[in-house]
Amino acid sequence: MSRGFFITFEGSEGCGKSTQVKRLAARLKRESLPFLVTREPGGTPIGEKIRDLLQFAPESAAMRPETELLLFEASRSQLTREVIEPALSRGCLVLADRFFDSTTVYQGAARSLDPEVVARLNAFAVGNCQPDLTIILDVDVATARARMLRRVRPVGSPDRMEQEPIEFYERVSAAYRELAAVEKDRVRLIDGTRSADEIETEIWKVLGERFQSEIQKAKFETPHGLLA
Ligand code: TMP
């Protein structure tokens, strides 16, 4: 069986990536393609505990940027080895709602931690597991913030990262755009301000261009292989 392929979704809070991950998953299901969806931080029992600590635990108010960086990497390292790599080996498409580019952007660019340290820790956390394609949904900071504030959370209040000032999110947006400009082969920047339908259509087109032959092969090899 051939290795599956690995697609990561990135962007600022409120960019619409989680909606698009769900829509793409629904399409893959209709096409009878084997896939798996992950999210970060989290996605494993260990990772979900780390997620809670990073986002909602009262103690996290005292968290230092270096600690935050290491916790994101710890969660990712577990997810990569426990879930992503085995799924790719089974021939699944993996759709990841965030991966190492989030750390490059949030901890490296927005929190101003040393980019070389961030790059080395990213590499240590994921080993050889590199995304085949990364989709960044690009939205201006005002739109992203308006969408973020409309979100209803079960706990009723914004998480720790969502309480950052607007300048933080300006650095996040700028860093994602720069990443797309530098890593042209892997990364596609998509305008996230359009309707969810339009974005879904564009993402499907990008996938078709990039993976047409692999998708046909996966269908042939695993006709009943829906794994998620
Ligand atoms: P989300 O589940 O709504 O995308 O929230 C995840 C939050 O964690 C979001 O504020 C971005 C942040 N984050 C980082 O700062 N660094 C990382 O490496 C990851 C994966 C997420």
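Scope of the values below: all heavy atoms of this structure, side chains included, with no hydrogens, waters or symmetry mates. All values reported here derive from a predicted model rather than from experimental measurement. When a ligand or atom number is given, it counts from 1 through the structure's own listing order. Numbers for residues simply follow the sequence, beginning at 1.
At a 4.0 Å heavy-atom cut-off, ligand 1 touches Q107 through the side chain alone. Looking at R51 against ligand 1, only its side chain comes within 4.0 Å, counting heavy atoms.
With ligand atoms numbered from 1 in the order given, ligand 1 contributes 18 (O), 20 (C) to contacts under 4.0 Å with heavy atoms of R76. For ligand 1, the atoms closer than 4.0 angstrom to any heavy atom of Q55 are 5 (O), 6 (C), 7 (C), 8 (O).
Residues F99 and F9 place their aromatic rings such that the two centres sit no closer than 6.0 Å.
Atom CD of E183 and atom CD of E178 lie 11.0 Å apart (nearest 0.5 Å). Atom-to-atom distance recorded for I190:CD1 and E198:CD is 12.0 Å, nearest 0.5 angstrom.
Checked by distance only, ligand 1 and T103 come closer than 3.5 Å through their nitrogen or oxygen atoms.
The closest approach between a heavy atom of R39 and any atom of ligand 1 is not below 4.0 Å. Heavy atoms of K17 approach ligand 1 to within less than 4.0 angstrom.
Residues meeting the salt bridge (charged side-chain N to carboxylate O under 4.0 Å, His left out) test with E170, sequence neighbours left out: none. Checked against side chain to side chain contact (heavy atoms under 4.5 Å, CB included), P165 has the following partners two or more places apart in sequence or in another chain: E167, F168.
Put simply, the side chain of Y106 reaches to within 4.5 Å of the side chain of Y176, judged on heavy atoms.
The option with the heavy atom closest to atom 1 (P) of ligand 1, from among E73, R98, E10, Q163, is R98.
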